[in-house]
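First comes the structure, then the notes that go with it.
For the numbers below, each heavy atom of this structure counts, side chains included, while hydrogens, waters and symmetry mates do not. Note that ligands are numbered from 1 as they come in the structure, with each ligand's atoms numbered from 1 the same way. All figures in this text were calculated on a predicted structure; none of them were measured in a lab.
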Amino acid sequence: MKSMKGKDQMEEMVIRIEGLSAVYGRGARQVRALQEASLAIRRGEIFGLLGPNGAGKTTLLSCVEGIHTPAAGGVWIDGIDVRRYPRVAQRKLGIQLQQTALLDDLTVAELVEVYAALYEVYLDRAAALALLARFELQDKTRSLARRLSGGQKQRLALALAVANDPEIILLDEPTAALDPRARRAVWEIIRRLHQEGRTLVITTHSMEEAEALCGRVAIIDAGRIVACDTPARLIAALDAAPVLRTQFDIPLEQVESLPGVRMVRYSGEYLEIETTRPQETLAGLQQAAVQQGRSIADIMLRQPNLEDVFLRLTGKTLAAWKES
Ligand SMILES: Nc1ncnc2c1ncn2[C@@H]1O[C@H](COP(=O)(O)OP(=O)(O)O)[C@@H](O)[C@H]1O
Ligand SMILES: [Mg+2]
């Protein structure tokens with residue numbers, strides 16, 4: 001019971017989201033973007049909101065930021081009701097929006113000034129340079145924002161999000177559309193901000209990213225939070241067997257009868273076989289291939305992951321996520 005919780009336990013929860021519902025539009029056109037979402041985010045954790053496009057991730061962050069007014073429920077930041085005291089709550093936040101239109105015609109140095117001013121923080125030139133150096137942008141101070149590469153823009157967006165030295169940082173798809181190297185650079189920055197003791201909330205539709213970065217993950221689908229825990233516990237709760245992955249083309253019924261097989265499915269162009277006896281299943285597959293005068297070129301054994309968790313909870317595969 002909420003009222004019975006100890007004070008310490010309450011204080012550990014830096015963001016509290018309770019029964020949050022959000023809609024866009026009205027009447028027949030109304031979209032229910034969030035339905036009774038409840039979450040508690042702990043001080044100092046990297047928390048991930050994982051879900052496909054349209055799941056409600058950005059809407060949830062907008063409610064936390066006090067940008068979108070919920071239809072029901074509410075958000076408390078350090079005990080402050082965001083709806084009643086948005087400005088006070090916002091002062092604790094560093095925000096990176098999904099589409100950062102970085103006032104393209106300003107230089108990097110000018111942007112830092114503008115942002116700091118927005119937050120009512122005074123940054124002198126040395127402080128601004130130090131901030132940019134932390135994000136490896138010290139050589140770009142005179143460049144126009146629109147001339148930066150994707151990775152540099154993303155690092156700039158992160159620098160701006162921390163211009164006010166916030167305790168809580170909200171990042172909406174911080175690595176979307178980045179190449180693998182730029183993505184890793186952003187991961188390193190996120191880890192560093194975490195090591196500095198800040199609380200981070202990131203949204204992503206990448207399971208890999210959620211597993212790599214997040215202490216805890218909420219899985220969100222169609223406006224509802226369907227699970228919330230550490231990646232390891234979410235995966236363990238599945239009680240799933242390892243998965244053989246191959247591009248071999250074979251009728252599913254033929255695979256289902258192989259030893260150890262628990263489940264067979266296609267994930268994109270890959271055949272995925274959950275099996276408790278991978279060696280024997282593989283031998284059976286190879287035998288089937290030989291009978292057809294073919295060979296299996298690629299085969300991979302992987303442990304169950306968050307993708308399997310999502311599939312189990314929602315019936316949708318990763319492939320289905322990517323097309324939307
Ligand atoms: N400004 C808007 N007007 C109408 N519908 C919107 C608006 N923004 C988002 N939506 C809808 O709300 C739902 C949740 O969207 P969003 O929060 O952006 O999801 P996500 O960030 O997970 O992709 C989707 O169905 C989306 O189409
Ligand atoms: Mg979004």
### Message
Check whether S21 reaches the backbone of Q35 with its side chain - one donor and one acceptor, N or O, closer than 3.5 Å.
### Response
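No; zero donor-acceptor contacts below 3.5 Å.
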
### Query
With distance as the sole test, does K57 use its side chain to make a donor-acceptor pair with the main-chain N or O of P52 at under 3.5 Å?
yes

[atom] - nearest protein heavy atom and its distance:
| atom | answer |
| --- | --- |
| atom 14 (C) of ligand 1 | G54 O, 3.5 Å |
| atom 2 (C) of ligand 1 | Y24 CD2, 3.4 Å |
| atom 27 (O) of ligand 1 | V31 CG1, 5.0 Å |
| atom 18 (O) of ligand 1 | T58 CB, 3.8 Å |

### Task
Looking only at distances, please establish whether an N/O atom of ligand 1 is found under 3.5 Å from an N/O atom of A33.
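No, there is no polar N/O contact under 3.5 Å.
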
### Query
Does any N/O atom on T59 come nearer than 3.5 Å to any N/O atom on ligand 1?
yes

### Message
To the nearest 0.5 Å, what is the distance between CD on E45 and OG1 on T199?
### Response
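Answer for the CD-OG1 pair, E45 versus T199, is 7.5 Å.
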
### Message
Can you tell me if G223 contacts ligand 1 (heavy atom of the residue under 4.0 Å from the ligand)?
### Response
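No, G223 has no heavy atom closer than 4.0 Å to ligand 1.
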
### Message
Check contact between G56 and ligand 1, using heavy atoms of the residue and a distance below 4.0 angstrom.
### Response
yes

### Query
Hey, is the Mg ion (ligand 2) within less than 2.8 Å of some N/O/S atom on N53?
no

### Task
Could you go through the salt bridge (Lys or Arg N to Asp or Glu O under 4.0 Å) check for D308 and R302 one step at a time?
CA-CA 11 Å; D308 302 305; R302 67 163 177 82; 2.9 Å; yes

Which atoms of ligand 1 are found less than 4.0 Å from any heavy atom of [X]?
| X | value |
| --- | --- |
| N53 | 23 (O) |
| A55 | 19 (O), 20 (P), 22 (O) |
| P52 | 22 (O) |

### Query
What do you reckon, is CZ of R84 surrounded by more than 12 foreign heavy atoms closer than 6.0 Å?
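Open.
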
### Query
So with a 6.0 Å cut-off around CD of Q30, is the heavy-atom count from everything else above 12?
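Buried by this count: over 12 neighbours within 6.0 Å.
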
### Message
I need the single residue from V226, D229, L49, I225 that forms a side chain to side chain contact (heavy atoms under 4.5 Å, CB included) with I219. Which is it?
### Response
V226

### Query
Between D298 and R245, is there a salt bridge with N-O shorter than 4.0 Å?
no

### Query
Is S62 touching ligand 1 with its side chain, its backbone, both, or neither, if touching means heavy atoms under 4.0 Å apart?
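S62 to ligand 1: no contact under 4.0 Å from either part.
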
